[in-house]
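This chain uses plain numbering: 1 for the first residue, then up along the sequence. Remember, it's 1-based here, ligands and their atoms both numbered in the order they're listed.
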Amino acid sequence: MCGIFGYKGISTDASNIVFSGLKKLDYRGYDSWGIALCTNHEIFINKNIGKISDVKKLNLPLGNMAVGHTRWATTGSVCKINAHPHFSTNKSFSVVQNGIVENFEELKKSLIKKGYKFKSQTDTEVIVRLIESQKNENLVESIRISFLQLKGRNTIAVIDSKNNQIVALRNGSPLIAGTNKNDFFISSDTFSLSGFAQNYIDLDNFEMVVLKNNIEFFDIKTGQKINKVFKPMDISNTNCNKGKFAHYMIKEIMESSNCMDNIINTDKKLLLKLVESIKKSQRVYFVGSGTAGNAAAQMAYYLKKIANIPAISLVGADANDFFEIFSSKDLIIAPSQSGETSDVIEVLEIAKSKGVKIASLVNMPGSMMARLSDFKFSFHSGLEICVMSTKVFIAQISWGYLLAKTVANKYDEALKDLKNLSSLTKKYLNDPKQHQKIKKLASVLNKTKDIFILGKGQNFQIAKEGMIKLIEGTYKHAHAIPAGDLKHYAITLIKKNIFTIVLLSPDNYIADLNNAINEIRTRRGSIIGIFEKNQNNFDYYLSTPKLGETSAIFNVIPLQLLTYYLAVKLGNNVDKPRNIAKSVTVK
Ligand code: BG6
């Protein structure tokens, strides 16, 4: 997925307006960037590989209309030719895209037969040639008809020098339009419009917006004009500077207890409505991708363990097997930071078509997932800029704990537990000794290639989240093992200087985990114990507060901090790890 930002208005510094908007979007892709500026009916393009946040100055003339793009490469390698925007043959218009044209090879073949030439390997240039091939004086019509031939989830924006307009269309990847008096904007998210627009609109699928002398909306399927209602920009939660912190990751980890407090203030009335729906449902599913996938599984674990509801957790991209059995008596709950992850949106769209009730839990207001939902919950965790999700994961599983306890009629007990968790978390995070200990462990693990993480019961999904964090942040091979499975395969990899992190909680699994620990030590592997009390069979020990049923929620914090200090030690780009991006809006 990529980031798109556009401006048309009274300012002649359009390229720099788009430049700063794009800088707020590079969490969506940082393989290459590009800006097209239109002045006197002529388009000038500045583009290159790399992060736009590393670019000091543009080389573009003044003008009042521009469109820009940050790329996460999907079709075509990372190189300047494949960077967006892509020009029409006569340079009268240029296109940026966020998505994947699943039928681009077929379209390209027929365009080549018609004599069209291609400079890049991208599916985007196929869209450009397709628009040209319509040979229709009315460019908006050519764009609309071409867009309807694209398969897959795509959002595109076209800057048109002949008619001095920007035309943008959505089917899948997010598209927001914004205004501030006579200034008009488009973007891939609301956050990047803060400081620019006063009002905004989220476009729905198959809707088009045209920025010309004013801003107009159209239905792509019919070409008919449609009315849309602007909402005031909510800029309360858009503080995005790092303050005293060296990286967003550590800043966001340090905000964990605030996120727990926000979950304590979850709208009780809405929560009780969801509890009613859970009790009436035939099957309850949780679905998420990446870190949100682990959160979904932890929520399902809590509902099973605490409320005896046989909840099923699904991974967004692999939920297809359940599509046939989805029924109108079911409920599906989707945690997501962005609310725009396309794997999960596809599951929700199919579930909705089968009458399944939908609840979503998102951090970004107005997202597609929220709009598909019967029950809309928000974390209010504030912006999470680091591509590795940390505080939002903690908010997600804290909410899962609150939900399960409420289904079990223990709402007040859950609030007490989460308040206790929040205050002990704040105390731990503000204790420099704890950070010192983890930094020291990072120096021990610095040279190792493989790290294993063991967890059981409430800690297994936490072990998996630790694995994701270590892989994302350190580029090392990390492997989460259900404690009981160790002796069935992974133990073959255990030998001297192989480190295994073991997550423990004061529950019935301590004996099982100690068996696993001793099996590892027998093969001379090293143990890093994370628990409320030290044990003789730990080679390294990270202490945790005494937390009972919420200890697993806390146990992810030492894993997030270890990832952070290791990534810093390894000199990796902590906030923008290679090859991934904050939310994946392509399949
Ligand atoms: C990945 C992010 O791209 O998408 C992960 O790197 C995230 O951090 C996953 O968990 C799912 O995203 P979301 O927005 O649905 O939580």
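In this structure, V584 is part of the shell of residues with a heavy atom less than 4.0 angstrom from ligand 1.
Between Q337 and ligand 1, an N or O atom pair is found at a separation short of 3.5 Å. An N or O contact shorter than 3.5 Å is missing between S583 and ligand 1 by distance.
For the pair R170 and F206, the cation-pi criterion (under 6.0 Å, within 45° of the ring axis) is not fulfilled. Cation-pi check for K354 over F326 is not met; the charged atom does not lie both under 6.0 angstrom from the ring centroid and within 45 degrees of its normal. For the pair K391 and F393, the NZ or CZ position fails the cation-pi test of under 6.0 Å to the six-membered ring centre and within 45 degrees of the ring normal.
Rounding to the nearest 0.5 Å places CE of M299 at 10.5 Å from CG of L402.
Interface atoms of ligand 1 facing S389, defined by a heavy-atom separation under 4.0 Å, are 8 (O). Atoms of ligand 1 lying under 4.0 Å from any heavy atom of A292, numbered from 1 in the order shown and given with element: 10 (O), 16 (O). Close contacts between ligand 1 and S336 involve ligand atoms 13 (P), 14 (O), 15 (O), 16 (O) [criterion: under 4.0 Å to a heavy atom].
Q560 and Y564 form no side-chain donor-acceptor contact under 3.5 Å, judged by distance and modelled atom types alone. Of the N and O atoms on the side chains of S120 and E125, at least one donor lies less than 3.5 Å from an acceptor on the other residue.
Nearest protein neighbour of atom 12 (O) of ligand 1, counting heavy atoms only, is T341 OG1, 3.2 Å. Summary of contacts: the protein heavy atom closest to atom 6 (O) of ligand 1 is A581 O, 3.1 Å. The protein non-hydrogen atom at the shortest distance from atom 14 (O) of ligand 1 is S338 OG, 2.6 Å. Atom 11 (C) of ligand 1 has its closest protein heavy atom at S289 O, 3.2 Å. Among all protein heavy atoms, the one lying closest to atom 10 (O) of ligand 1 is T291 N, 3.0 Å. Looking only at protein heavy atoms, the nearest one to atom 8 (O) of ligand 1 is V387 O, 3.4 Å.
Tested against W399, the residues Y302, F377, F379 include a single ring pair (Phe, Tyr, Trp, His ring centres under 6.0 Å) partner, F377.
Ring centroids of Y200 and F185 are separated by 6.0 Å or more, keeping the two rings apart.
Residue contacts with ligand 1 for K582 involve N, CA, C or O but no side-chain atom from C-beta outward (heavy atoms, distance under 4.0 Å).
One N or O on the side chain of Y301 and one on the backbone of Q458 form a donor-acceptor pair closer than 3.5 Å.
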